[in-house]
Amino acid sequence: MGLFKGSASISRYEATVSDRIGFWDFVDERVRMFAFRDIEDSADEVAVGWVSATDFMDTAFQYASYALDPYVVMGLRIDRRKLPAGVLQKYFRMAVAKAKAMREDGVISRAERETLKEKVKLDLLTRIPPGTQVFDVVWDTAKGTVWFGGASRSMLDIFEDYFRRCFQVELMPRLPYFMARSLLPGEENTQRLEHAAPWDLSGGEAA
């Protein structure tokens with residue numbers, strides 16, 4: 001968890017709450033509803049959910065440990081199983097050979113092959129431990145600002161979708177352009193930003 005223990009890539013968002021009546025009761029209900037659910041004993045390939053900011057195994061949130069008013073502080077845990085294509089192909093071919101040996105004509109239909117392949121895949125997935133990633137999440141509910149400890153597009157897509165479904169709040173990325181617009185109001189400044197270009201520090205001129 002980089003925000004608390006070291007360096008981290010951070011993405012910023014705006015997340016404004018329009019109605020604060022009963023807000024913390026709503027947050028508590030939704031955090032627990034969307035808490036992480038383990039897939040260790042299943043064949044599921046992906047699991048996403050909230051965990052404690054200090055312990056990714058803790059999903060109980062005793063005493064509403066995520067709540068540091070006005071902040072909501074949690075971790076987003078993502079568990080994935082990845083089944084190598086070569087491994088699946090190997091065991092599938094072994095299963096096909098076994099099925100053919102049990103038939104007098106040594107033939108199995110296309111539908112049977114598909115069913116057999118899915119069965120082999122599920123069996124292998126239950127034997128592969130999922131990998132775990134945890135990303136820090138800090139939501140300043142007073143200022144309407146969210147920090148997410150990740151920057152890759154795939155992780156951002158997962159986080160944005162999960163946050164929206166959980167809290168029913170849209171996230172607006174805090175891109176440098178929009179931050180500059182908020183700091184430099186007015187039509188004239190907006191036009192300048194529209195035509196802004198990177199500055200060449202070596203020559204002192206716009207690139």
Side-chain angles (χ1 to χ4, degrees), residues 1-11 13 15 27-62 65-66 72-100 102 108-139 146-171 173:
M1 295 190 173
L3 290 180
F4 304 110
K5 296 183 179 179
S7 61
S9 298
I10 300 175
S11 299
Y13 297 88
V27 169
D28 187 70
E29 175 189 350
R30 303 299 286 185
V31 166
R32 297 180 189 281
M33 182 182 299
F34 284 78
F36 181 82
R37 301 289 185 267
D38 205 341
I39 59 172
E40 196 73 37
D41 298 323
S42 73
D44 293 343
E45 295 183 66
V46 181
V48 180
W50 305 123
V51 295
S52 166
T54 57
D55 182 359
F56 70 85
M57 299 292 288
D58 179 8
T59 58
F61 299 106
Q62 288 189 338
S65 60
Y66 59 83
V72 175
V73 182
M74 303 179 295
L76 181 68
R77 177 174 168 180
I78 303 174
D79 278 19
R80 295 178 185 270
R81 280 189 175 91
K82 187 173 182 180
L83 178 58
V87 173
L88 175 58
Q89 184 64 18
K90 171 187 174 181
Y91 283 89
F92 172 59
R93 291 182 63 179
M94 291 169 60
V96 169
K98 183 177 179 179
K100 286 182 175 181
M102 298 174 64
I108 60 174
S109 68
R110 182 174 181 177
E112 289 174 319
R113 282 177 172 269
E114 291 299 321
T115 300
L116 189 58
K117 188 172 186 178
E118 186 63 23
K119 182 179 179 180
V120 169
K121 180 180 178 180
L122 292 176
D123 178 63
L124 290 173
L125 285 172
T126 59
R127 295 154 58 183
I128 297 175
T132 297
Q133 291 179 290
V134 183
F135 301 88
D136 302 314
V137 178
V138 178
W139 181 11
V146 175
W147 292 269
F148 176 68
S152 74
R153 187 65 259 171
S154 60
M155 293 301 103
L156 295 181
D157 287 343
I158 293 174
F159 168 65
E160 292 168 10
D161 176 68
Y162 204 75
F163 190 95
R164 181 179 64 254
R165 290 193 292 115
C166 176
F167 298 113
Q168 301 172 5
V169 174
E170 291 292 336
L171 290 174

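Heavy atoms only: backbone and side chains are in, while hydrogens, waters and symmetry mates are out.
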Between S9 and A151, which heavy-atom pair has the shortest distance, and what is it? CB-CB, 3.8 Å
Within the 6.0 Å centroid threshold, strictly below: W139 and F163: yes
Min side-chain heavy-atom separation K117-L88 under 4.5 Å: yes
Contacts of S109 that satisfy side-chain contact (heavy atoms from CB on, under 4.5 Å) - sequence neighbours left out: A111, E112
When rounded to the nearest 0.5 angstrom, what distance separates CZ in R80 from CD in E45? 10.0 Å
Flag if over 12 foreign heavy atoms under 6.0 Å of CD, Q62: no
Whether the side chain of T126 engages the backbone of A43 through a donor-acceptor N/O pair (distance < 3.5 Å, no angle test) should be reported. no
N/O donor-acceptor pair under 3.5 Å between Y91 side chain and L124 backbone: no
Determine whether W147 and D136 make a side-chain contact, defined as any pair of heavy atoms from C-beta on separated by less than 4.5 Å. no
Atom CZ in R37, atom CG in D44: separation rounded to 0.5 Å? 13.0 Å
CZ/F148 to CG/L171 distance, rounded to the nearest 0.5 angstrom? 10.5 Å
Full working for salt bridge (Lys or Arg N to Asp or Glu O under 4.0 Å) between D123 and R127: CA-CA 7 Å; D123 178 63; R127 295 154 58 183; 3.0 Å; yes
Is it the case that over 12 heavy atoms from other parts of the model lie below 6.0 angstrom from the CE atom of M33? yes
Using side-chain heavy atoms (C-beta onward) and a distance below 4.5 Å, is F36 in contact with I78? no
Is it the case that atom CG in D157 sees more than 12 heavy atoms from other parts of the structure closer than 6.0 Å? yes
For the backbone of C166 and the side chain of R30, can you confirm whether one donor and one acceptor N or O come within less than 3.5 Å of each other? yes
Verify, without hydrogens or angle tests, whether R32 (side chain) and T59 (backbone) share a donor-acceptor contact under 3.5 angstrom. no
About how many Å separate CZ of F92 and CZ of R113, when rounded to the nearest 0.5 Å? 5.5 Å
If every non-hydrogen atom of F56 is compared with every non-hydrogen atom of V51, which pair is closest and at what distance? O-CG1, 3.4 Å
Donor-acceptor pair, distance only, cut-off 3.5 Å: does the side chain of R81 make one with the backbone of E40? yes
Salt bridge (Lys or Arg N to Asp or Glu O under 4.0 Å) contacts touching residues 83-98 (sequence neighbours left out): none
Nearest heavy-atom neighbours spanning G75 and V134: CA-CG1, 4.2 Å
Identify the heavy atoms of M74 and F167 that sit nearest to each other, and give their distance. CE-CZ, 4.1 Å
Validation row: D28, Y66 side chains within 4.5 angstrom (heavy atoms): yes
For R164, side-chain contact (heavy atoms from CB on, under 4.5 Å) partners two or more places apart: D161, E170
What distance do I108 atom CD1 and M102 atom CE have between them, rounded to the nearest 0.5 Å? 11.5 Å
What do you reckon, is CZ of R153 surrounded by more than 12 foreign heavy atoms closer than 6.0 Å? yes
Between Y162 and F34, does the ring centroid distance fall short of 6.0 Å? yes
